[in-house]
Amino acid sequence: GVDGVKSTGVDLVMAIEYKKSLAVFTDFVGVEEAENLLQWLLKNPKGKLNLAACAHIHAANLQVLMAVKPQISAWPADEDLKRWLTVLEK
């Protein structure tokens, strides 16, 4: 998990890589990512998101992003997903 937060369930390859001030989304970001994403965003209020390699984002993660309204440093390459995520634009 993020900063000592333990994940429950099966160990999966995480679709979000957390760096100091950047969260990099890759492939399919599932529901299991939402809690860690929220915790990271709350601990890193100036953190940015790189969505360039994201192919799908579960609605639970979209709700987190809509609530916290983080800055997006890179939008998805997938045009359909990018259009869907325009609700995040400030």
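- In this structure, the side chain of Thr26 engages the main chain of Ala15 through a donor-acceptor pair within 3.5 Å.
- The shortest side-chain heavy-atom distance between Ile57 and Leu51 does not fall under the 4.5 Å cut-off.
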| task | Let me see the working for Asn44 and Leu22 under side-chain contact (heavy atoms from CB on, under 4.5 Å), right down to the final yes or no. | result | CA-CA 9 Å; Asn44 299 282; Leu22 182 69; over 6 Å; no
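- Remark: the backbone N or O of Ala34 is paired with a side-chain donor or acceptor of Asn61 at under 3.5 angstrom.
- Looking only at distances, no side-chain donor or acceptor of Lys43 sits under 3.5 Å from a matching main-chain atom of Trp40.
- Here the CD1-NZ distance, from Ile72 to Lys82, works out to 12.0 Å after rounding to the nearest 0.5 Å.
- Of the residues listed (Leu81, Thr86, Leu49, Leu85), the one engaging Trp75 in a side-chain contact (heavy atoms from CB on, under 4.5 Å) is Leu85, and it is the only one.
- Remark: the backbone N or O of Ala52 is paired with a side-chain donor or acceptor of Asn50 at under 3.5 angstrom.
- If you take CG on Asp27 and CD1 on Ile16, they are separated by 12.0 Å, rounding to the nearest 0.5 Å.
- In this structure, CD on Gln63 lies 9.0 Å from NE2 on His58, to the nearest 0.5 angstrom.
- In this structure, Phe25 is a member of the same hydrophobic cluster as Leu42, with clusters built from ILVMFWY side-chain heavy atoms closer than 4.5 Å.
- Taking CD from Glu79 and CZ from Arg83, the interatomic distance works out to 6.5 Å, rounded to the nearest 0.5 Å.
- Panel note: side chain Gln71, backbone Lys46; no donor-acceptor pair is recorded below 3.5 Å.
- Distance alone, capped at 3.5 Å, places no donor-acceptor pair between the Tyr18 side chain and the Val24 backbone.
- Contact detail for Asp80 and Asp78: the closest heavy-atom pair is N-OD1, 3.1 Å.
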